[in-house]
Every structure is written in C-alpha cells, then in structure tokens.
Amino acid sequence: MSYSNKVKELYVNQLKDIKSAGIYKEERFIHSSQAADIDVEFPRGSNLKNVINMCANNYLGLSSHPEVLKAAHEGLDTRGYGMSSVRFICGTQDIHRELENKVTEFLGTEDTILFPSCMDANAGVFEALLTSEDIMISDRLVHASIIDGMRLCSAEHDTFKHSNMQHLEQKLQLHADKRIKMVITDGVFSMDGDLAKLDEMVDLCEKYDALLFVDDSHSSGFIGKTGRGTHEHCGVVGKIDIITTTFGKALGGASGGCVSGRKEIVEMCRQKARPYLFSNTISPVVVAGVLRVFDILSGSTERRDKLEKNTIFWRKGLTEAGFVLKEGDSPIVPVMLFNAKLSQDFSKDLYDLGIYAIGFFFPVVPNGQARIRTQISAGHEMHHLEKALDAFIKVGKKYGILGLSKQEIIDKYGL
Amino acid sequence: MEEMKDMVLNYVINEYQEDEDDEITYDTPLISSGFVDSFSMVSLKVFIEKKFNISIPDEEATPEAFDSVNKIVDLVNGYLEKK
C-alpha cells in the first residue's frame, strides 16, 4: 500500500490547519434548479430551507430558462450526449463551429475558439502565444485562472496597481524592449465589481505597441448597451486583441468558455493551446443551450435592462440604509464589513432570515477587506430584492454598522 | 544601511501601496499579510537584483525571505558580504 500512515497524517494535519485558519470550504446542497429562489440543505443533513439566492453568477436569470432547457433537450436528441474525442480528431460537430461564429458576431471580434471552460481558455492562451522573449503585464486583481495561465507560460511577467493607468504606462516603458508586450486585465473584477478602463488601456497599448487581453467572464451578456461586454461599455469594440469569456455565468451558466479575438491569435490557439488539444470540448447539449442563449440576447435587451434596473435599486437601497459599498456599475455589489469574523457572522444571520449571501475574507480578498459579495440577477423580482434589503438592514442594525464609515467599522470590530 | 532600507521601503510604497491609509514600515509583513501577492513579488526581486547588482536564486527568493523591508535588507547584505 503506497498510501502510508505518514502521508495520510500529512494531509490530516494540513486539513486541520485549513480548518483552524477558518478557510475550510463547505458545500451547501441545492435541491432545486438554479434560480432566485432555491431550496438549500445546510448544514449537511438539515431540513431544506427556501432562500433567496444573492450569490450566483446567474446575472441574466437564464440558468433555468424554459427556452434554454428546450434547446438543450433538442440538442441532446439530435447531436447526442458526448463526443468521446478531442476537437481535432473527431470531436467537432457543426454546432461547435456555429457557436464559435455566433460568439464572434456577438463580441465583434474576428474569430473564436471554444474551450471546456474559461479556466481552460486562460490556462492555454498565454503559453500558446508567448515565449521567453515576451512580457505579460497584468492588473494586480486579475482572476486566479489568469495567474495560473501566466504561471504556465515561459514569458516574463510583471504587474501594475489595480486599474492604475499611470503605473501601467511606467511598466510599458520599463519593458519596451520586449518582442511582444501583452497587457492583461479582467473586464469586470469579480470581487470588487468595478470595470477596467478599457478605453484608456487601448490608447496605452496603441502608444506602446502592446496587445490587450481581457477576461470578460463577469460582463459578457449584460455589460454595455446591448450586453456585448466591457469593451462595448468603454466604446472599444473591435480594438481588444484577445477576449476570454465563460458560458458558465450569465450565458446560461452551464459550462464552457472561449478565446475570441484576432484571427491569427485564435488560429494559434487551435494549433497550440493544450486544454483545447488534450481535452474534449463542450458537450453538444450545452452547445445547443448556449446557442439559444445568444438568440435570446440578440433578439432583445430586456433581460440586461432588467438587471440594470435591479442593480440600481439594490445599490440605492443599501447606500440609503447606510452600508459601505464598493463603488461600481456592475451587478456585483460588495457590502464592506472589513472584519473577517463579522463577515461570517453577518452571512450566517442573513441565512437565518432566508437570504443566501457569502462572506469573503483574506486570502480570497485582501487582508482587512472582508465583505459580503452580493450578485444581482434579472431573475430577481422586486419582492426578492425588498425582502433581501429588509434582512440586510435588520442584520446591519444588530451589529450597529449602519451609517458608519469604513474607519468607524474598523474601530468597532478591528481588522 | 539606513539608506538601503529607505531605498527598498520607497520602492515597496511606490510599487505596491494601493490605499494611502495603509502604513508601511520596515517591519510591516508584506507577503504573509497579502500586501504584496506572491505573483507580484517578482518585480521586487528584479528591482533588488538590478539595484544591488546581485543574483538571488529562486529557491532563496522565498515569500519568507521577502516578508519585510528589514528581512529583504538582511538578505541583500548577506549577498553583498559574499561578493
């Protein structure tokens, strides 16, 4: 037996350390479809509780939309369940290419390649495009999957202060001698909900001859006037060299991702990106569902407009109640509590009142910036948001933080 | 010595301070506190190597060794003495 007691003990101790550090992650089982109202078993073995979901990436409320379900059923019937092959052997169907074309049209790019997830897209794209002669310059708050992707790439890397264009310019000057310079950012930052300054970044990249990479996973489908993403919001459609995004959030929420952008860049990914070469792509049933999602979004902006209205209501309600929020325009609305324990107690009390919202603290967010991250959906009706707001106010009063400034909350609860 | 400390401290402040409310001293934990993430630590290593004309092997450029300005200065002095 190779799993010796010594090895077992090593893992037991590591798990104990994770628990004692208060960062042990426990799943909550949902016994219903993903939606604004869900039935949750938590803690494990307890009776089901119907709660309002304020922490899903289901921004457009399409995860359980009847038309998407119908399309997925049809996809299952006409194209089967699995491919049992990677794309370039015998794992590509007509609908895979159809989806790539649809994404290209939607994002306003030149071409698109599908990946099993956006995590895979980010894991494969840098290594496929860059070598040790090149430099990757990333915003300090980019998603973990981008950091993992950069680690897999032999190009040098450097970072710039979050959304600080002056610092980015200094870095572009510092690395002027590199063959390819790639500036890397999220479109909407997942923990803070703020938007990248893509218009300014495009100008800087043009000035210093750099490529611009944007992960728009928390934007595609709803940011911008017609929901094309952060590049539409910033007026730079057609000027982003590489966009990665996911179908696992607003765009139906199942799984899958892509790299979309310059024709030759996408072609390089098709030749060299390892998660594309060595893994099956998205299953036909999901492709059929996502195709219908794009039909829905191309036909009307109703859902993103409702999301915008819901977000304005939610931000206004929390601000007027006296909470400290992170500024931003996206449906990610972080309620700042600063103290880790307070964020956990607050989340627990909300759950008791029927509101499912998670508290995040270091190392998921910077030290001393603990928060409840709320995420608004077009699937929320006004009664959901009103009930959630009432619960936040009740719990806020319990802890005496309404109307307090950042410093006053820190003085009261510590960091 | 003091000059070296201030040089490193100034670099850390200019390079990493996002919030002006954050106070950074010679002993402030940089990596373990999350003030500098391990991925961004690379630019600090490059700065030190260029500034003091030394080469620190990756296995010695650990988050522990870079966890405060004082620790970084100790590390640099160790290399300078060997020169």
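We name chains A, B, ... by the order of the sequence lines, and we start the count at 1 in each one.
For the residue pair A/Lys161 and B/Ile13, the shortest heavy atom distance occurs at NZ-O, 3.8 Å. What you find for B/Asn14 and A/His167 is that their closest heavy atoms are O-NE2, 4.4 Å. When all heavy atoms of B/Glu15 and A/Thr159 are compared, the closest pair comes out as OE2-O, 3.9 Å.
Within 6.0 Å of atom CD in A/Gln166, 12 or fewer heavy atoms from other residues, nucleotides or ligands are found, so the atom counts as exposed in its surroundings. The 12-atom threshold is not exceeded at CD of A/Glu327, counting heavy atoms of other residues, nucleotides or ligands nearer than 6.0 Å. More than 12 heavy-atom neighbours from other residues, nucleotides or ligands sit within 6.0 angstrom of CD on A/Glu200. Heavy-atom contacts from other residues, nucleotides or ligands closer than 6.0 Å to CZ of A/Arg179 number more than 12.
The contact between B/Tyr16 and chain A is made by backbone and side chain atoms together, counting heavy-atom distances below 4.5 Å. Contacts between A/His162 and chain B at a heavy-atom distance below 4.5 Å involve backbone atoms as well as side-chain atoms.
Rounded to the nearest 0.5 angstrom, B/Phe39 CZ and A/Ile146 CD1 are separated by 10.0 Å. To the nearest 0.5 angstrom, A/Asn367 atom CG is 9.0 Å from B/Ser32 atom OG.
Contact annotation: the side chain of A/Pro366 never approaches that of B/Glu18 to less than 4.5 Å [non-hydrogen atoms, C-beta and beyond].
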